[in-house]
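Letters go in sequence order (proteins before strands), and every chain restarts at 1. Model, not experiment: these values are computed from the prediction.
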There are 2 protein chains.
Amino acid sequence: MNDKILELESFLPYRLYRLADLVSREFAAVYKDRLGLTRPEWRVLAGLGQHGSLTAKTLGEQSAMHKTKVSRAVAELERRRWLSRTPDENDRRIEHLTLTKAGLAAYGEMVPLAKAFERRLSQAMGAARLAEFDYGLERLEEFMREGEE
Amino acid sequence: MNDKILELESFLPYRLYRLADLVSREFAAVYKDRLGLTRPEWRVLAGLGQHGSLTAKTLGEQSAMHKTKVSRAVAELERRRWLSRTPDENDRRIEHLTLTKAGLAAYGEMVPLAKAFERRLSQAMGAARLAEFDYGLERLEEFMREGEE
DNA sequence: AATCGATGGTTACAGATGAAACAAATACGG
DNA sequence: CCGTATTTGTTTCATCTGTAACCATCGATT
């Protein structure tokens with residue numbers, strides 16, 4: 001092993017990033033073509049579809065997005081009337097975000113597409129392999145989160 | 001399994017992207033603090049450090065970057081005099097890019113840091129787990145590349 | 001209840017990004 | 001050769017991004 005040289009193509013951070021980028025772009029094509037959404041917008045839709053109602057802050061945590069991304073994505077979905085804001089009764093800084101009928105319809109359209117996409121990915125590995133891979137992801141996530149706070 | 005709902009936190013594309021983003025940011029802090037590089041610049045440095053001399057095109061393929069990113073990163077590293085361009089004798093569209101002394105020094109400084117970073121990641125999983133994980137990455141990469149061309 | 005720090009969220013700004021248009025050179029079919 | 005298509009690389013432009021500044025509100029302390 002030459003330790004003066006780094007093999008980029010087997011460097012874990014690079015491989016991870018490249019794969020994630022590739023996968024993410026491919027999937028982005030789905031919701032972009034279909035619904036004209038950006039990634040932050042898709043994540044907001046996904047977050048609210050899954051949880052029913054969230055504040056901007058919780059939404060950001062739940063979907064790992066910077067608050068400015070959340071703010072802008074929410075504004076856009078509101079403009080389309082795919083979500084609505086309900087002021088909190090006790091804390092006027094907060095608004096509860098909920099999908100409208102139209103938003104739910106869009107979400108309902110995306111869910112099977114997302115699942116189909118994921119299924120294709122999973123099939124690229126076997127089910128057993130996938131479990132191992134998932135576990136690896138988990139360990140890494142956990143490791144990264146430790147170093148944080 | 002409710003098939004009307006997608007669990008974002010276990011959705012593979014999302015998990016991959018989130019982890020890659022986290023890891024990438026953390027590592028970016030290293031080369032940013034240390035050398036003031038952006039990610040594209042770091043990749044150019046890494047590509048040339050590893051391969052000695054490349055054209056912009058090859059560099060782009062080798063490091064999975066859009067040609068405009070390559071173009072700009074190369075321009076910046078040239079401005080710093082970390083790399084130099086040598087015109088190709090047979091094809092005047094092409095320039096061969098090589099690191100200067102200063103560029104090599106920076107690369108030499110980064111390699112052990114990169115390896116240390118990767119080692120810490122690897123240790124988050126066992127060695128056996130890592131092999132499985134690597135294999136999973138490979139399968140996914142391959143699968144994604146198939147769908148391409 | 002007045003003050004002061006923390007919190008939820010938006011906005012302004014500066015930098016990074018990719019699609020598309022571009023320039024310069026080469027390849028290739030007639 | 002000539003003209004056209006292709007390749008390499010840069011630039012332009014419109015969009016996306018995060019940092020930092022900001023505003024309004026809340027909570028705790030006095």
Would you indicate which nucleotide in [options] comes nearest to any side-chain atom of [X]?
X     : options                : answer
A:A56 : C:dG9, C:dT26, D:dT25  : C:dG9
B:D91 : D:dG9, D:dT25, C:dT26  : C:dT26
B:R72 : C:dG18, D:dT19, D:dA24 : C:dG18
B:T68 : C:dG9, C:dG18, D:dC26  : C:dG18

Nucleotide [N], atom [atom2] - distance to [atom1] of [X] in whole Å:
X     : N      : atom1 : atom2 : value
B:E61 : D:dT8  : CD    : P     : 8 Å
A:R39 : D:dC16 : CZ    : C1'   : 10 Å
A:E78 : C:dG9  : CD    : P     : 13 Å
B:E95 : C:dA24 : CD    : P     : 14 Å
A:L37 : D:dC16 : CG    : C1'   : 15 Å
B:K57 : D:dT7  : NZ    : P     : 8 Å
A:N90 : C:dT7  : CG    : C1'   : 16 Å
A:R92 : D:dT25 : CZ    : P     : 5 Å

Between [X] and [N], is there a contact of a side-chain N or O with OP1 or OP2 at under 4.0 Å?
X     : N      : value
B:H66 : C:dA19 : yes
B:R85 : D:dG9  : no
B:K69 : C:dG18 : yes
A:R25 : C:dG18 : yes

From the options A:D21, A:V23, A:L22, select the one residue that forms a side-chain contact (heavy atoms from CB on, under 4.5 Å) with A:R25. A:D21
Assign A:K67 to base, sugar-phosphate, or nothing according to its heavy-atom contacts below 4.0 angstrom with the strands shown. base
Hey, does A:D88 reach any base, or is it just sugar-phosphate, or nothing, if we go heavy atoms under 4.0 Å? nothing
Quick test of your reading of the model: are [X] and [Y] salt-bridged, counting only N-O distances below 4.0 Å?
X     : Y      : value
A:R85 : A:E78  : yes
B:E76 : B:R72  : no
B:R15 : A:D134 : yes

I want to confirm an ordering. Mapping A:R93 and A:T38 to their closest nucleotides on DNA chain D, which one lands closer to the 5' end?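 Whichever sits nearer the 5' end wins; that is A:T38.
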Using heavy atoms to find the nearest nucleotide of DNA chain C for A:S71 and A:D21 separately, return the residue whose nucleotide is more 5′.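 The residue mapped nearer the 5' terminus is A:S71.
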Exercise: identify the closest heavy-atom pair between B:Q62 and A:L8: NE2-CB, 4.1 Å
